[in-house]
Amino acid sequence: MYLENPVIVEVTVSFNKDIVVKDYTAKLIKSLLISGNPKLEELFSKSVSIIPKPIHITPLYAIEKTDRIAKLKAVYTKFVPKGSTAKPPELIMLEPVNIEGGREYSFLIGISIHSLEEVLRGLTGVERFVFGNRTVEVDSLSYELHYIDVEKESESIKRGLEERNTTVKVTFMSPTVLVEPLTIVKKRKKFFLPTPSAVFFMPFVMVLFDVGKLRKSLLVKAMHCLESVLSTPYTALKTVDLVWYVYDNDVLPALIGYIKYFVDHSALSTVQAIMASKHNFDFLDILSKAIIVANVYGVGSGRATGFGHITTEVKNNF
């Protein structure tokens, strides 16, 4: 479901008039897609299944071109606190964002090949849609499809992970709400430490499901192995920030920024040997595919509502 020809849909859109939005802008994207194809509402709806949804969307991005390079900057109402304070701001203190009429914006959709047709119907079937108490008119909309060759990219990532002095950089391109991976009881409080297992927990679930090895005991072992292989740097709390955003008039926290994990090659060799001999489990292959899945479907919770969009870079530093 997740590994079979996943697709990233890169959408460029503009609207006829300015839109002032205080709520999270991924809700605007979701409304656009469901208006274009009501069948997508079922795909986005909450599920009691433990299997993650095979769809991921981002918030709206402003396209900023500098030195002929186009960069994407997430557009949403936010507050990034200074210093060590964790006190949430008052809702009234957060200024709404203005989405300019006629300006090009972008958003991404990570989707299973099996649901791609329905998503494309949602993109091509909408000229106007209702968002909140207003009608939004689409001025122009186009998209590009990026098909992911999982096996080919996995081999490239594996070679990178096996090299000495390798790091795995994860950049949180949208607010991210992580899942605490090793708890027995689901907690109401969210997890805000970007440990390797917290970041890659959901992608590991997806990959293990696809390869027929999704068992709780094996998933827990894989998370322990991941913590041994990827070392969290002491700079983590300097490069990752807390951000407050607005969702349904609630001010809620998430993570933004980036983190760069160091690969412990001694631990990787040991883990690879133990998991292969005891569990017939190719840890390096699963990890490389989890990194690919994370780029397509996001990480943490709320991936289908615009959270947890990341990019990764596996890089040799010498």
Backbone of E100 reached by a side-chain donor or acceptor of D18 within 3.5 Å: no
Is any side-chain heavy atom of S154 less than 4.5 Å from a side-chain heavy atom of D285? yes
Quick check: do T77 and V21 have side-chain heavy atoms less than 4.5 Å from each other? no
salt_bridge(K158, E155) N-O dist < 4.0 Å: yes
Taking every non-hydrogen atom, the tightest pair across P194 and V240: CG-CG2, 4.0 Å
For the backbone of D250 and the side chain of D248, can you confirm whether one donor and one acceptor N or O come within less than 3.5 Å of each other? no
Is it true that a side-chain atom of S115 and a backbone atom of S112 form a donor plus acceptor pair closer than 3.5 Å? no
Hey, does the Lys NZ or Arg CZ of R303 hover above the aromatic six-ring of F307, less than 6.0 Å from the centre and inside 45° of the axis? no
Are there more than 12 heavy atoms of other residues, nucleotides or ligands under 6.0 Å from atom CD of E117? no
How far apart are the C-alpha atoms of E118 and R121, what are their side-chain angles, what is the distance that settles it, and do they pass the salt bridge (charged side-chain N to carboxylate O under 4.0 Å, His left out) test? CA-CA 5 Å; E118 298 295 344; R121 279 200 193 123; 3.2 Å; yes
Just do the ring pair (Phe, Tyr, Trp, His ring centres under 6.0 Å) check on Y24 and Y245 with the steps written out, would you? CA-CA 7 Å; Y24 193 49; Y245 64 93; 5.7 Å; yes
Using a 4.5 Å side-chain heavy-atom cut-off and chaining through intermediate ILVMFWY residues, the residues clustered with L72 come out as Y61, I63, M173
Is there a donor-acceptor pair under 3.5 Å between the side chain of K22 and the backbone N or O of L94? yes
Taking every non-hydrogen atom, the tightest pair across T312 and V170: CG2-CG2, 4.1 Å
When you measure from the side chain of S174 to the backbone N and O of P59, does any donor-acceptor pair fall under 3.5 Å? no
Please check if L214 and I291 belong to a single hydrophobic cluster, counting links between Ile, Leu, Val, Met, Phe, Trp and Tyr side chain heavy atoms closer than 4.5 Å. yes
Could you go through Y2 and I51, starting from their C-alpha distance and side-chain angles, then the distance that decides it, and tell me whether this counts as side chain to side chain contact (heavy atoms under 4.5 Å, CB included)? CA-CA 11 Å; Y2 307 103; I51 306 303; 2.9 Å; yes
If the condition is side chain to side chain contact (heavy atoms under 4.5 Å, CB included), which residues does S14 pass it with, not counting sequence neighbours? D139, S140
For the backbone of K169 and the side chain of E313, can you confirm whether one donor and one acceptor N or O come within less than 3.5 Å of each other? no
Within the distance-only criterion (no hydrogens, no angle test), does the side chain of T167 pair as donor or acceptor with the backbone N or O of K260 below 3.5 angstrom? no
Taking the six-membered ring of F44 (Phe, Tyr or Trp), confirm whether the NZ or CZ of K53 is under 6.0 Å from its centre and within 45° of its axis. no
Tell me whether the rings of F129 and F15 are parallel (<30°), tilted (30 to 60°) or perpendicular (>60°). perpendicular
Among side-chain atoms of E104 and T12, is any donor-acceptor pair under 3.5 angstrom? no
Would a distance-only check, ignoring hydrogens and angles, find a side-chain to backbone donor-acceptor pair under 3.5 Å from T176 to F172? no
Does S35 use its side chain to pair, donor to acceptor, with the backbone of L32 at less than 3.5 Å? no
Checking K27 against Y247: charged group under 6.0 Å from the ring centre and within 45 degrees of the axis? yes
Pairwise side-chain contact, L268 with F283, heavy-atom cut-off 4.5 Å (strictly under): yes
Let me see the working for E4 and H114 under side chain to side chain donor-acceptor pair (under 3.5 Å), right down to the final yes or no. CA-CA 9 Å; E4 186 183 349; H114 304 291; 3.2 Å; yes
Is there a side chain to side chain contact (heavy atoms under 4.5 Å, CB included) between V251 and F79? Walk through the geometry before answering. CA-CA 9 Å; V251 180; F79 174 76; over 6 Å; no
Just do the side chain to side chain contact (heavy atoms under 4.5 Å, CB included) check on L3 and V293 with the steps written out, would you? CA-CA 7 Å; L3 298 176; V293 163; 3.6 Å; yes
Stepwise side chain to side chain contact (heavy atoms under 4.5 Å, CB included) check, F204 with L226: CA-CA 10 Å; F204 260 79; L226 188 61; 4.0 Å; yes
